[in-house]
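First the proteins, then the strands, lettered A, B, ... as listed; each starts at 1.
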Amino acid sequence: MPIRLHDSLTRQTLELKPAQKDGVYRFYNCGPTVYAPAHIGNFRTFVINDVIRRLLELEFPGKVKHVRNLTDVDDKTIRRAQDEQRPLAEVTRQWTDKFHADCAALNCLPPHVEPTATGHIHEQVDMIDVLMKKGNAYRAADGSVYFKVSSFDGYGALSRVKERELQAGSAMKATAADADEKEDVSDFALWKAHKPDDGANAWDSPWGRGRPGWHIECSAMSKKHLGDTIDLHTGGVDLLFPHHENEIAQSQCCNGTLFSHHWYHSEHLLVDGKKMSKSLGNLYTLDELVAKGFSPMALRYALLMGHPRKQLSFSLDSMHAAESALTTLKNFRATLLPGAGLGHDAFGPVLQALHDDLNTPAALGALFTIVNRYAGEVDAASFDRAIFALGLDLNAAAAPQATAPAAVTALAEKRWAAKQAKDFAAADALRKELTGAGWSMLDRKDGYSLEPVKK
RNA sequence: GGCGCGGUAGCCAAGUGGUAAGGCCGAGCUCUGCAAAAGCUCUAUCGGCGGUUCGAUUCCGCCCCGCGCCUCCA
């Protein structure tokens with residue numbers, strides 16, 4: 001069953017298939033900047049890309065090459081390192097580790113290659129060198145190298161911002177730090193000359209000490225690990241311009257060939273109706289949600305509740321909804337027998353929805369429709385395949401078990417004894433006391449468990 | 001100002017030219033000493049006004065409201 005996905009460049013829904021003869025599907029996904037914990041908006045993009053990865057794995061087994069970079073040198077990482085008076089590599093290592101831990105908790109498959117910008121300085125310099133020689137770049141007075149946007153006819157095709165109006169309302173442009181150095185405000189840095197604020201974070205180049213600009217890293221790493229032309233390039237919508245537009249310009253001018261066959265951008269996660277930002281104070285991290293008692297898997301589910309190409313409203317209600325939905329799925333899974341089944345792929349509609357432009361909410365809808373209809377009668381394999389594609393780990397679904405304080409445990413013991421003695425009045429009174437203390441007592445035939453009262 | 005997206009039940013959210021998936025919450029019921037779990041049932045006419053059409057939530061126009069991007073933010 002073909003996977004169809006919207007393409008940002010042509011605005012059409014195109015089938016995903018490897019373009020090259022070796023049959024390998026080349027997939028590049030713009031990764032995080034490692035200077036702080038990624039927030040859940042970042043993870044929306046990474047979870048969505050993980051579903052793409054999973055669909056590709058199912059469709060082209062063993063023939064998928066997924067590359068996702070780590071931006072480990074830029075203004076933010078350097079500033080963080082300088083502020084903390086630590087080596088850049090140490091700071092980025094710390095946040096890389098944290099990113100990996102969060103991704104694992106969200107059940108995201110690791111990319112096959114995870115290149116870093118600092119690990120590819122040479123490749124970036126080489127590309128810039130070619131661009132200089134071809135006349136697509138120039139060295140400014142300050143020692144920085146800029147890409148000459150006017151040298152690339154195709155500029156603006158992706159973002160459809162053909163000619164930037166440089167006259168009216170360009171107050172922002174004038175404030176750009178390097179505005180005076182560039183020949184044109186649209187030009188962007190390929191190599192940034194070293195500045196005192198950068199500290200020790202600089203590399204040698206034919207144009208003097210400095211560091212690579214942001215965009216060139218993806219062009220260079222994509223070229224090195226996937227070749228001049230890739231099948232799919234993805235990221236959040238905010239990367240559409242200028243990041244991806246600039247990547248296209250660099251790569252195509254350098255390599256002389258098409259950069260990517262397919263572009264895909266996922267939309268923003270909204271909190272309180274707005275894009276998450278520090279200034280608005282509406283930013284969540286995975287750790288913060290876990291601290292509130294939610295499971296990472298509930299976040300993954302919540303992030304899949306909306307169509308990837310539409311803004312999604314997130315709230316703690318979403319987390320509650322996701323947690324409950326996961327519990328239902330987990331209980332349902334327990335009722336399935338390996339041998340049972342209707343002799344067909346009952347959960348096929350789930351995959352169908354995902355193959356139809358990654359319609360995750362429709363997929364979840366189909367999942368529950370089938371769960372409700374076929375309770376217990378379907379083949380576990382069909383269910384598991386759908387769950388795999390969505391990347392839900394039902395075993396990890398339960399929130400971490402909280403440990404009840406000794407006083408609560410003692411109350412629970414008393415109540416259990418009262419119940420065994422059929423002193424129901426006492427048992428009910430003790431249950432109330434436990435509830436007052438913030439704990440729910442769940443009875444089973446052979447015992448009980450305690451969990452925090454759900455809010 | 002330029003480019004783009006969206007307004008569907010209390011909340012989240014699919015979808016289709018022929019009278020609206022699903023999840024959560026809520027209500028009622030069954031079961032169970034109680035609670036939980038499980039099961040059953042119930043809850044919308046799709047921002048507003050026009051137009052096209054036999055028929056529009058779905059197509060077109062206008063209006064209102066909201067959101068995103070516009071040089072380094074997923």
>> Rounding to an integer number of Å, can you tell me how far Q311(A) CD sits from U8(B) P?
In response: 13 Å

> How close do R44(A) and P308(A) get, heavy atom to heavy atom, and via which atoms?
Replying inline: NH2-CA, 3.6 Å

> Rounding to the closest angstrom, what is the interatomic distance between G22(B) and A13(B) at atom C1'?
Replying inline: 8 Å

> According to a strict under-4.0 Å criterion, is K310(A) in side-chain N/O contact with OP1 or OP2 of A14(B)?
Replying inline: yes

>> Go nucleotide by nucleotide along RNA chain B from the 5' end; which of S315(A) and A322(A) gets its closest nucleotide reached first?
In response: S315(A)

> What is the nucleic acid contact for H307(A), judged by heavy atoms within less than 4.0 Å: base, sugar-phosphate only, or nothing?
Replying inline: sugar-phosphate

>> Using OP1 and OP2 only, check whether a side-chain N or O of T328(A) sits under 4.0 Å from G23(B).
In response: no

> Quantified in whole Å, what is the P atom distance between nucleotide C31(B) and nucleotide C25(B)?
Replying inline: 23 Å

> Roughly how far apart, to the nearest Å, are G18(B) and G23(B) at atom P?
Replying inline: 24 Å

> Taking the side chain from R80(A) and the backbone from D75(A), do they hold a donor-acceptor pair closer than 3.5 Å?
Replying inline: no

> Between C69(B), C3(B), C24(B), which one does the side chain of R160(A) approach most closely?
Replying inline: C3(B)

>> Of the listed nucleotides (U71(B), G23(B), A13(B)), which one gets closest to any side-chain atom of N372(A)?
In response: G23(B)

>> To the nearest 0.5 Å, what is the distance between CG on L354(A) and CE on M1(A)?
In response: 9.0 Å

> Heavy atoms under 4.0 Å, any strand shown: does L239(A) hit a base, just sugar-phosphate, or nothing?
Replying inline: sugar-phosphate

>> Apply side chain to side chain contact (heavy atoms under 4.5 Å, CB included) to residues R300(A) and D50(A) and explain how you reach the verdict.
In response: CA-CA 11 Å; R300(A) 182 175 178 112; D50(A) 185 58; 2.8 Å; yes

> Looking only at atom C1', what distance separates U58(B) and U8(B), rounded to whole Å?
Replying inline: 11 Å

> Expressed in angstrom and rounded to an integer, what is the separation of R309(A) atom CZ from C67(B) atom P?
Replying inline: 22 Å

> What is the distance, rounded to the nearest whole Å, between atom CG of D238(A) and atom P of C69(B)?
Replying inline: 7 Å

> Under 4.0 angstrom, heavy atoms only, what part of the nucleic acid is G41(A) near: base, sugar-phosphate, or nothing?
Replying inline: base

>> Using 0.5 Å steps for rounding, measure from the OG atom of S186(A) to the OH atom of Y146(A).
In response: 13.5 Å

> Contact class for L367(A) (heavy atom, under 4.0 Å): base, sugar-phosphate, or nothing?
Replying inline: nothing

>> Measuring from the side chain of N331(A) (C-beta onward, heavy atoms only), which nucleotide among G23(B), A37(B), U71(B) has the closest atom?
In response: A37(B)

> So what is the 5' to 3' dot-bracket string for RNA chain B, if pairs are Watson-Crick or G-U wobble with both distances under 3.5 Å, crossing pairs use [ ] and | means the partner sits on another strand?
Replying inline: (((((((..(((.....[...))).(((((.......)))))....(((((..]....))))))))))))....

> Starting at the 5' end of RNA chain B and moving along, which residue's nearest nucleotide shows up first, A366(A) or S324(A)?
Replying inline: A366(A)

>> Does H268(A) reach a base, just sugar-phosphate, or nothing at all? Heavy atoms under 4.0 Å.
In response: base

> Where the side chain of T45(A) is defined as all heavy atoms beyond and including C-beta, which of G6(B), C24(B), A74(B) is the nearest nucleotide?
Replying inline: A74(B)

>> Rounding to an integer number of Å, can you tell me how far R333(A) CZ sits from A38(B) P?
In response: 17 Å

> In whole Å, what is the span from the OH atom of Y374(A) to the P atom of G39(B)?
Replying inline: 17 Å

> How many angstroms lie between CG in L240(A) and CD in E245(A), if you round to the nearest 0.5 Å?
Replying inline: 7.5 Å

Side-chain donor-acceptor pairs of residues 357-365 of chain A under 3.5 Å, sequence neighbours excluded:
{"from": "D357(A)", "atom 1": "OD1", "to": "H6(A)", "atom 2": "N", "distance (Å)": "2.8"}
{"from": "D357(A)", "atom 1": "OD2", "to": "R309(A)", "atom 2": "NE", "distance (Å)": "3.1"}
{"from": "D357(A)", "atom 1": "OD2", "to": "R309(A)", "atom 2": "NH2", "distance (Å)": "2.7"}
{"from": "N359(A)", "atom 1": "OD1", "to": "A362(A)", "atom 2": "N", "distance (Å)": "3.1"}
{"from": "T360(A)", "atom 1": "OG1", "to": "L304(A)", "atom 2": "O", "distance (Å)": "2.9"}
{"from": "T360(A)", "atom 1": "OG1", "to": "G306(A)", "atom 2": "O", "distance (Å)": "3.1"}

> Looking only at heavy atoms, which two atoms of S318(A) and M305(A) are closest? And how far apart?
Replying inline: CB-CE, 3.6 Å

> Think R415(A) forms a cation-pi with Y448(A), using NZ or CZ under 6.0 Å from the six-ring centre and within 45 degrees of its axis?
Replying inline: no

>> In whole Å, measure the gap between the C1' atoms of C64(B) and C29(B) for me.
In response: 44 Å

> After noting the C-alpha distance and the side-chain angles of R79(A) and Y35(A), does the key distance pass the side chain to side chain contact (heavy atoms under 4.5 Å, CB included) rule?
Replying inline: CA-CA 9 Å; R79(A) 193 185 317 134; Y35(A) 73 109; over 6 Å; no

> When the C1' atoms of U57(B) and G47(B) are considered, how many whole Å apart are they?
Replying inline: 11 Å

>> So E245(A), base contact, sugar-phosphate only, or nothing? Heavy-atom distance under 4.0 Å.
In response: nothing

> Of all heavy-atom pairs between H243(A) and E247(A), which one has the smallest distance, and what is that distance?
Replying inline: NE2-OE2, 2.7 Å

> If the P atom of A27(B) is compared with that of A35(B), how far apart are they to the nearest Å?
Replying inline: 14 Å

> What nucleotide, of U71(B), A13(B), A74(B), holds the atom closest to the side chain of P242(A)?
Replying inline: U71(B)

Nucleotide N/O of nucleotides 30-33 of chain B paired with protein N/O under 3.5 Å:
{"from": "G33(B)", "atom 1": "O6", "to": "R415(A)", "atom 2": "NH2", "distance (Å)": "3.0"}
{"from": "G33(B)", "atom 1": "N1", "to": "D428(A)", "atom 2": "OD1", "distance (Å)": "3.0"}
{"from": "G33(B)", "atom 1": "N2", "to": "F424(A)", "atom 2": "O", "distance (Å)": "3.4"}
{"from": "G33(B)", "atom 1": "N2", "to": "D428(A)", "atom 2": "OD1", "distance (Å)": "2.5"}
{"from": "G33(B)", "atom 1": "N2", "to": "D428(A)", "atom 2": "OD2", "distance (Å)": "2.5"}

> Could you state the CZ-P distance from F368(A) to A38(B), rounded to the nearest angstrom?
Replying inline: 11 Å

> Tell me: CZ of R11(A) to C1' of C5(B), nearest whole Å?
Replying inline: 10 Å

>> Using every non-hydrogen atom in the two residues, find where K148(A) and S151(A) come nearest and quote the distance to one decimal.
In response: O-OG, 2.6 Å

> What integer number of Å spans the C1' atoms of A37(B) and G4(B)?
Replying inline: 47 Å

> Just checking T369(A): base, sugar-phosphate only, or nothing, at a heavy-atom cut-off of under 4.0 Å?
Replying inline: sugar-phosphate

> Base, sugar-phosphate, or nothing for N359(A), non-hydrogen atoms under 4.0 angstrom?
Replying inline: sugar-phosphate

> Roughly how many Å is it from CG in L240(A) to C1' in C5(B), rounded to a whole number?
Replying inline: 13 Å

> Quick one: the side chain of K275(A) and the base of C73(B), do they pair up donor-acceptor inside 3.5 Å?
Replying inline: yes

